[in-house]
Amino acid sequence: MVNKREKEQINRELRAGKKEQASATMEINNTRGIRFPKFGLYRVKNRLNKKIMLFLSIIVVLLIVGIVGLWKIAFPKEPVVRTGAYLEQMKDLSTLATSQAFVKTILEKEDNEIFGKGIETNIPGTKRKILLVVPGTLTAGVDLSAITEDQFELNEEEKSMRILLPKADFLQEPSINFDEVETYSVSGIFRGDVKWEEAYSLMDEAKEIMKEEAIEQGILVKAEENAEKTLKEFYGRLGYSVQVSFEEE
């Protein structure tokens, strides 16, 4: 027969045993729950971290490229501004990049006419010969105002320029000194007096001959030399070395 005191002792031991069993069960469950799932989560976490880092890296690179591009558009480098300024300066130098030549052209014409009609046969008394001595001035140069940014290369670090110039050409039609034009004529007995208006109509032909003679004298070559010399001297004073070339025809 168990007395009351022994019964209470037995109950305390039973409760203590249940507590120990519950603690042991919880410890086992915690151990199982941590070991296996934790290993899988760790691998997933690593993969996610790598993808996130890769994504963030791409975003950062794109942001940097975008910022640099916007910066260049919004704040262009100084040489772009200087390039425009130098091109404007070259337009003002056009008058210095010229060459002039004084040419005296002899224009000789002869024909045969009878009763006002031209004939091919040189019948005595039908021939007329006109001789014109035409002096004039020609001006050639390099059109520096036609230079574009594509023809101009500026290197501020090396303080150098490369300029591609157009070929020299005549800047205007030959200027004829009409007061100094000399005219001579020899006419047959069947020919009338020379109409000098007719002679002066030959001036267009005289201008073309003057151009050819001026080119033979080297007026275009001289104009290109003057253009190159002018640019080198002008920008040389600003501290730049200048390399000049000319377009091919």
Side-chain angles (χ1 to χ4, degrees), residues 64-107 133-178 180-181 202-249:
I64 292 174
V65 172
I67 291 172
V68 171
L70 290 174
W71 182 270
K72 287 185 176 180
I73 294 173
F75 304 99
K77 292 182 178 179
E78 188 178 6
V80 176
V81 179
R82 290 196 174 186
T83 297
Y86 289 150
L87 289 175
E88 289 297 321
Q89 288 178 344
M90 287 186 198
K91 295 179 181 178
D92 298 332
L93 296 174
S94 289
T95 55
L96 301 176
T98 59
S99 175
Q100 282 193 331
F102 178 79
V103 177
K104 184 175 284 188
T105 298
I106 298 176
L107 192 63
V133 181
V134 184
T137 304
L138 297 94
T139 303
V142 176
D143 187 6
L144 300 181
S145 63
I147 300 174
T148 64
E149 291 187 7
D150 295 335
Q151 297 171 276
F152 181 75
E153 184 178 332
L154 174 66
N155 190 322
E156 282 291 355
E157 294 181 357
E158 298 179 359
K159 301 294 285 184
S160 64
M161 294 180 180
R162 298 180 66 180
I163 308 171
L164 179 62
L165 297 179
K167 298 289 289 184
D169 200 358
F170 292 103
L171 300 181
Q172 58 188 25
E173 289 295 305
S175 176
I176 295 177
N177 304 327
F178 285 98
E180 300 177 11
V181 173
L202 300 174
M203 289 303 164
D204 288 339
E205 185 178 345
K207 289 179 181 179
E208 294 302 318
I209 297 175
M210 293 171 74
K211 287 181 180 179
E212 294 175 1
E213 293 181 357
I215 291 174
E216 291 178 359
Q217 293 179 13
I219 186 174
L220 298 182
V221 175
K222 188 64 177 178
E224 292 178 357
E225 290 176 352
N226 288 343
E228 182 175 355
K229 181 181 178 181
T230 299
L231 292 174
K232 286 186 174 180
E233 288 183 352
F234 183 83
Y235 290 109
R237 292 173 184 169
L238 300 178
Y240 292 94
S241 64
V242 181
Q243 182 179 350
V244 176
S245 59
F246 290 89
E247 293 177 336
E248 298 294 332
E249 292 183 350

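All values reported here derive from a predicted model rather than from experimental measurement.
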Point to revise | Q217: partners by side-chain hydrogen bond (donor to acceptor under 3.5 Å, both in side chains), with sequence neighbours left out | key: none

Review point. Sequence neighbours excluded, which residues qualify as side-chain hydrogen bond (donor to acceptor under 3.5 Å, both in side chains) partners of E213?
Key: T105

Can you give the donor-acceptor pairs under 3.5 Å from side chains of residues 136-146 to other protein atoms, not counting sequence neighbours?
unit_1	atom_1	unit_2	atom_2	d
T139	OG1	Q100	NE2	3.0
D143	OD1	S145	N	3.2
D143	OD1	S145	OG	2.5

**Study point:** Any side-chain heavy-atom pair of M203 and V134 under 4.5 Å
**Key:** yes

Check your understanding: What's the spacing between K232 NZ and I163 CD1 if we round to 0.5 Å?
Key -> 10.0 Å

Revision key, fill the gap. When every non-hydrogen atom of F246 is compared with those of L164, the smallest separation belongs to C-CD1, 3.7 Å

Exercise for review: First locate atom CD of E225, then atom OG1 of T230, and finally report the distance between them rounded to the nearest 0.5 Å.
Suggested key: 11.5 Å

Review point. Hey, are the side chains of V133 and K104 touching, using non-hydrogen atoms and a 4.5 Å cut-off?
Key: yes

Exercise for review: Would you please name every residue forming a side-chain contact (heavy atoms from CB on, under 4.5 Å) with K229, sequence neighbours left out?
Suggested key: E233

Review point. Which heavy atom of E247 sits nearest a heavy atom of P166, and at what distance?
Key: OE1-CA, 3.6 Å

Practice item. Sequence neighbours left out, what passes ring pair (Phe, Tyr, Trp, His ring centres under 6.0 Å) with F170? Give chain and number order. Key: none

Check your understanding: Could you give the distance from NZ (K207) to CD1 (I176), rounded to the nearest 0.5 Å?
Key -> 5.0 Å

Practice item. Heavy atoms only: give me the nearest I147-Q151 pair and the separation to one decimal. Key: CA-OE1, 3.5 Å

Check your understanding: Are the side chain of N226 and the backbone N or O of T98 linked by a donor-acceptor pair below 3.5 Å?
Key -> yes

Practice item. Quick one: pull up CD1 in I215 and CG in L220 and give me the separation to the nearest 0.5 Å. Key: 5.0 Å

Practice item. Might you work through the side-chain contact (heavy atoms from CB on, under 4.5 Å) test for E224 and L165, ending with a clear yes or no? Key: CA-CA 9 Å; E224 292 178 357; L165 297 179; over 6 Å; no

Check your understanding: Among side-chain atoms of E158 and Y240, is any donor-acceptor pair under 3.5 angstrom?
Key -> no

**Study point:** Results of salt bridge (charged side-chain N to carboxylate O under 4.0 Å, His left out) for K222 - residues two or more places apart only
**Key:** none

Practice item. Give a yes or no on this: more than 12 heavy atoms of other residues, nucleotides or ligands lie within 6.0 Å of atom NZ of K167. Key: yes

Check your understanding: Side-chain contact, heavy-atom cut-off 4.5 Å: Y235 with L154?
Key -> no

Check your understanding: How close do K211 and P174 get, heavy atom to heavy atom, and via which atoms?
Key -> CE-CD, 3.7 Å

